[in-house]
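Order of appearance sets the numbers: ligands from 1, and atoms from 1 within every ligand.
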Amino acid sequence: MKIVTVIGARPQFIKAAVVSRAIAQHPDMQEIIVHTGQHFDENMSDIFFEEMQIPKPDYNLHINGLGHGAMTGQMLEKIEAVLLEEKPDWVLVYGDTNSTLAGALAACKLHINVAHVEAGLRSFNTNMPEEINRILTDRISNLLLCPTETAIRNLEQEGFGNFGCKVENIGDVMQDAALFYAPRAKRPAQAVPEDFILCTVHRAENTDDNRKLQNLFGALEQISAQTTVVLPLHPRTRKKLESAHYDFGNSRICFIEPVGYLEMVWLLSHCRMVMTDSGGLQKEAYFFKKFCLTLREETEWVELVENGVNRLVGTDRDTITAAAAQCLAQPANMTENQLYGNGHAGEKVVEMVYNYRKS
Ligand code: UDP
């Protein structure tokens, strides 16, 4: 059985690392990896392939730095050419980026089966480009591999029971990654303080709105006066801060370059708490038993909020600083780690694809 995996962005490399390892152990499966090029810097791409031992991509499409339309369009065209050449049995896509949608659409039009890992997630905010990518990818996938019961319910409510696709809760491949790589964690080469809050900011809805960006970073500066915020800076956010003339020289925030997953796992293990607008990091905070303040108005990972280990604080400066002060003063009681499966989601992806029978 031949599988073409389409990936292009940092969180997809992390998820694919888990599944690629499971595919490699299957005697009847061959994986061809297509890297769309969406993320291309050494510290946003290459480091993950090296450290997590993801097989070198068979194709690199080098598509980046374009608007949504041009990026998705070029990916569609080039992925189609790869699929015509490779004639796979399946195309495997992850998450919610333009690479996800382009991979799924190219495959679907060629009548190649599509498996979507991390299916069924919804923020119910269609202003997010990711939400559009999720909805459309789910609709044209044959196998919808969901990480949670919430995701299953979302699909049921949208009528996926009528679409002839297969929907299954397999747990979260990011849980597998956290368990597998935690013992391999590496202290970051860049200096970080002993006592710190780990923070990431990169969602377009935050970075592309100058008022929100100012509020967020105003809050992070204020919090850093008490407990240093360590912030691996996403290239998009750096660009936006630079064009807003952010005063990096006088900042109390400990900005570091984006780190590889092994260093990230170290940061997660050693931080006091997490503040983020990332999807993946909200769950990782939970895996590493750290409370998370989510710098958004809504989340796809609602079970974290329902279980009291994540709080949505949006981008209002006072709300964020008050919530951070409260969390630092009274650390939350973290619940047992059981919301996202048992660390075998990667094998489950392989099993589901291999044993798929059209219903
Ligand atoms: N991550 C990383 N290095 C960093 C920042 C994030 O390895 O400097 C990892 C993080 O631990 C998580 C993934 O990247 O596994 C999340 O990716 P991102 O926040 O870019 O995307 P999202 O999850 O929001 O789609």
Asks: Between Phe180 and Arg21, is there a cation-pi geometry (under 6.0 Å to ring centre, at most 45° from the normal)?
Replies: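 Yes; both conditions hold, so Arg21 lies above the ring face of Phe180.
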Asks: If I compare all heavy atoms of Ala9 with all of His39, which pair ends up nearest, and what's the gap?
Replies: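 Between these two residues, the closest heavy atoms are CA-ND1, 3.4 Å.
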Asks: Do ligand 1 and His234 have nitrogen or oxygen atoms that lie under 3.5 Å from each other?
Replies: no
Asks: Are Asp195 and Thr227 packed together at the side-chain level, in the sense that at least one heavy-atom pair is separated by less than 4.5 angstrom?
Replies: yes
Asks: Under a 4.0 angstrom heavy-atom cut-off, which atoms of ligand 1 come close to Pro258?
Replies: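 Once the distances to Pro258 are compared, the set is 8 (O).
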Asks: Give the atoms of ligand 1, by number and element, whose distance to some non-hydrogen atom of His202 is under 4.0 Å.
Replies: 18 (P), 19 (O), 20 (O), 21 (O), 24 (O)
Asks: Please say whether Arg10 places an N or O atom under 3.5 Å from an N or O atom belonging to ligand 1.
Replies: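 Yes; the residue has a nitrogen or oxygen that sits under 3.5 Å from a nitrogen or oxygen of the ligand.
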Asks: Identify, by atom number and element, the atoms of ligand 1 in contact range of Tyr261, meaning under 4.0 Å from any of its heavy atoms.
Replies: 7 (O), 15 (O)
Asks: Starting from atom 13 (C) of ligand 1, what is the nearest protein heavy atom, named by residue and atom, and what distance separates them?
Replies: Ile14 CD1, 3.7 Å
Asks: Within the 4.0 Å heavy-atom shell around Gly280, which atoms of ligand 1 are there?
Replies: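 Selected atoms, number and element: 22 (P), 23 (O).
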Asks: Classify the contact between Glu130 and ligand 1 as side chain, backbone, both or neither, using a heavy-atom distance cut-off of under 4.0 Å.
Replies: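 Within the 4.0 Å criterion, Glu130 makes no contact with ligand 1.
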Asks: Does a donor on one side chain and an acceptor on the other come within less than 3.5 Å for Tyr340 and Glu303?
Replies: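 Present: a donor and an acceptor within the cut-off.
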Asks: With heavy-atom distances below 4.0 Å as the criterion, list the atoms of ligand 1 near Leu281.
Replies: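 In order of numbering, the contacting atoms are 10 (C), 11 (O).
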Asks: Among Glu300, Glu158, Glu156, which residue meets the salt bridge (Lys or Arg N to Asp or Glu O under 4.0 Å) test with Arg122?
Replies: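 That would be Glu158.
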Asks: Are any non-hydrogen side-chain atoms of Pro232 and Leu198 less than 4.5 angstrom apart?
Replies: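 Contact flag for Pro232/Leu198 side chains = yes.
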Asks: Would you call Lys290 and Met334 a side-chain contact if the rule is heavy atoms closer than 4.5 Å?
Replies: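 The answer is no, as the side chains (C-beta and beyond) never meet within the 4.5 Å cut-off.
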Asks: Using non-hydrogen atoms of the residue, decide whether Met174 is closer than 4.0 angstrom to ligand 1.
Replies: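 True for this residue.
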Asks: For atom 21 (O) of ligand 1, find the nearest protein heavy atom and state the residue, atom name and distance (0.1 Å precision).
Replies: Pro11 CG, 3.4 Å
Asks: Between Trp301 and Tyr286, is the ring centre distance below 6.0 Å?
Replies: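 Centroid distance Trp301-Tyr286: not below 6.0 Å, so no.
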Asks: List ligand 1 atoms under 4.0 Å from Phe48, heavy atoms only on the residue side.
Replies: 7 (O)
Asks: Could you label the plane-to-plane angle of the Phe13 and Phe48 rings as parallel, tilted or perpendicular, counting under 30° as parallel and over 60° as perpendicular?
Replies: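 Tilted: the ring planes of Phe13 and Phe48 meet at 30° to 60°.
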Asks: Anything under 30° is parallel, anything over 60° is perpendicular, the rest tilted; go ahead and classify Trp266 against Phe196.
Replies: parallel
Asks: Against heavy atoms of Gly279, which atoms of ligand 1 measure under 4.0 Å?
Replies: 22 (P), 23 (O), 24 (O)
Asks: Taking only heavy atoms of Ser278 into account, list the atoms of ligand 1 that are under 4.0 Å away from them.
Replies: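 What qualifies from ligand 1 is 16 (C), 18 (P), 19 (O), 22 (P), 23 (O), 24 (O).
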Asks: Under 4.0 Å, heavy-atom basis, I'd like to know which part of Glu284 is in contact with ligand 1: side chain, backbone, both or neither.
Replies: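 Near ligand 1, Glu284 shows its side chain, while the N, CA, C and O stay back.
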Asks: Return the residue, atom name and 0.1 Å-rounded distance of the protein heavy atom closest to atom 8 (O) of ligand 1.
Replies: Val259 N, 3.0 Å
